[in-house]
Amino acid sequence: MKRMDAIREISGKAVQSDALIVCNIGIPCKELCSIRDTDNNFYMLGSMGLASSIGLGLALSRPHRKVIVIDGDGSVLMNLGSLATIATQAPENYLLVIIDNGSYGSTGDQPTATAKGADLAQLARGAGNSLVCEVRDPRHLEQALQDMDHGILVVKAEPGNADVATISMRPEDILRRFMSGSCRPSD
Amino acid sequence: MTPSKAVYNGIKDAGIDLIVSVPCINLRELISLVDRDPEIIHVPVTREEEGVGICAGAYMGGRRPAILMQNSGLGNSINALASLNLLYGIPLVMIMSHRGVEGEPVCAQVPMGELTPKLLDTLGIPYFIPDSMANAAEDVKMAWESALEGKMPSAVLLPISFWRG
């Protein structure tokens with residue numbers, strides 16, 4: 001399973017539950033956009049490491065709306081404190097999915113620390129999160145996405161990027177479109 | 001009235017309803033006031049940059065966010081302020097205890113203390129410095145209005161002299 005395969009599953013799950021998606025910077029955003037570009041997708045273009053934080057702020061602000069963050073191993077390693085903050089808040093509408101392919105995929109596939117033994121599921125548990133799951137194949141990913149409404153899901157994947165187009169939307173348009181659905185007072 | 005209460009009144013007047021914080025000794029009373037307020041979601045964070053991300057998400061969810069931090073946290077946040085807030089046009093109020101200025105007993109605070117206004121100028125981020133406790137609430141409110149109108153961060157700098165009342 002590559003990142004693109006995992007994102008396809010996650011995007012499908014998000015559509016079913018009308019969830020908001022915050023997607024990690026770089027190729028993950030392009031892959032998500034090419035699979036299914038919807039108003040519920042927020043594409044990060046900068047601020048590497050902050051996908052899980054943006055998703056946490058969003059989930060705390062909209063407690064009745066489901067929020068899914070698609071993050072990566074390199075980005076989570078850059079903001080490990082976020083795992084502890086998520087544990088202190090533990091919102092029940094927030095699912096953090098970390099696609100761990102052991103690789104900085106957007107910058108030339110340099111290995112990350114998870115390729116040398118760092119274990120993100122254990123780090124998430126050690127940070128105080130009680131609901132943490134790790135899957136390694138598409139069947140278990142599908143099952144975990146059905147079973148988990150919130151918590152942290154680590155998806156072990158192989159390195160490799162799909163050949164997809166660059167996102168052409170302007171940053172302010174990405175934000176405006178996303179907020180047309182993300183900040184409705186009724187949610 | 002205390003300096004902390006004056007800033008807190010500004011937070012309430014501005015309608016700020018989600019606050020992330022990294023402590024400073026000068027912020028202890030203010031953080032406690034915020035933490036006890038049931039109308040404000042308070043999220044203590046591990047690092048200021050993380051807090052900038054949480055505040056951006058909160059704005060996207062319809063809230064009015066602010067960060068409470070020491071000015072050293074500005075250094076930890078610059079990439080996020082530029083490539084998240086300034087890039088997309090996301091408002092944020094940064095309420096900063098400004099250390100390393102007149103009256104500072106800790107020499108390690110001085111370099112960032114001196115750099116703080118210059119860094120804000122370089123980023124093009126407007127900042128307000130209340131010249132007395134009486135102006136603090138109004139300055140916080142103006143900082144939020146400036147952030148909202150400019151679709152960008154703004155700052156309130158609270159130097160050591162401010163906390164002495």
Side-chain angles (χ1 to χ4, degrees), chain A residues 20 22 25 40 42-65 67 69 71 75-76 78-91 93-94 127-128 169-187, chain B residues 15-23 31 34-35 38-69 73 76-93 123 147-148 150-153:
Chain A
L20 300 166
V22 175
I25 179 177
N40 285 344
F42 180 74
Y43 304 116
M44 273 179 74
L45 304 173
S47 64
M48 178 170 167
L50 295 189
S52 66
S53 305
I54 295 169
L56 178 61
L58 185 59
L60 291 171
S61 299
R62 283 284 159 261
H64 303 299
R65 192 81 194 262
V67 174
V69 169
D71 217 333
S75 292
V76 169
M78 193 177 269
N79 185 14
L80 278 175
S82 179
L83 296 176
T85 305
I86 291 165
T88 66
Q89 302 296 318
N93 58 329
Y94 178 64
M169 290 173 76
R170 296 182 309 166
E172 57 268 38
D173 294 333
I174 292 172
L175 182 73
R176 190 181 306 115
R177 188 181 75 161
F178 183 77
M179 284 185 66
S180 68
S182 71
C183 69
R184 286 194 300 265
S186 58
D187 285 335
Chain B
I16 288 166
D17 55 5
L18 186 141
I19 290 184
V20 303
S21 68
V22 178
I31 288 174
V34 163
D35 195 60
E39 292 175 347
I40 297 175
I41 297 176
H42 176 216
V43 186
V45 295
T46 63
R47 180 178 161 90
E48 298 81 358
E49 185 188 33
E50 182 202 354
V52 172
I54 291 171
C55 285
Y59 173 74
M60 287 154 60
R63 293 218 164 227
R64 296 185 177 200
I67 182 166
L68 302 183
M69 64 182 178
N76 287 347
S77 306
I78 282 182
N79 180 58
L81 292 170
S83 72
L84 183 57
N85 294 78
L86 293 178
L87 179 72
Y88 288 91
I90 297 175
L92 167 68
V93 175
L123 287 159
L148 192 63
K151 295 189 163 94
M152 64 186 298

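Every chain is numbered from 1 and lettered A, B, ... according to where its sequence line falls, protein lines coming before strand lines.
Taken to the nearest 0.5 Å, the SG atom of A/Cys183 stands 7.5 Å off from the OH atom of B/Tyr59.
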B/Glu49 and A/Asn79: CA distance, side-chain angles, deciding distance, side chain to side chain contact (heavy atoms under 4.5 Å, CB included) verdict: CA-CA 9 Å; B/Glu49 185 188 33; A/Asn79 185 14; 6.0 Å; no
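Your options are B/Ala58, B/Gly62, B/Cys55, and the one with the most heavy-atom pairs under 4.5 Å with chain A is B/Ala58.
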Name every donor-acceptor pair, under 3.5 Å, that has one atom in a side chain of residues 81-90 of chain B and the other anywhere in the protein, sequence neighbours excluded.
residue	atom	partner	partner atom	Å
B/Ser83	OG	A/Ser47	N	2.7
B/Ser83	OG	B/Asn79	O	2.9
B/Asn85	ND2	B/Ile90	O	3.0
B/Tyr88	OH	A/Tyr43	O	2.5
B/Tyr88	OH	A/Leu45	N	2.8

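In plain terms, the two heavy atoms of B/Ala80 and A/Leu50 that are nearest each other are CB-CD1, 3.5 Å.
A side chain to side chain donor-acceptor pair (under 3.5 Å) check over residues 80-90 of chain A, counting only residues at least two apart or in different chains, returns the pairs A/Ser52-A/Ser82, A/Thr85-B/Glu50.
Using a 4.5 Å cut-off between heavy atoms, B/Pro44 touches chain A through backbone and side chain atoms alike.
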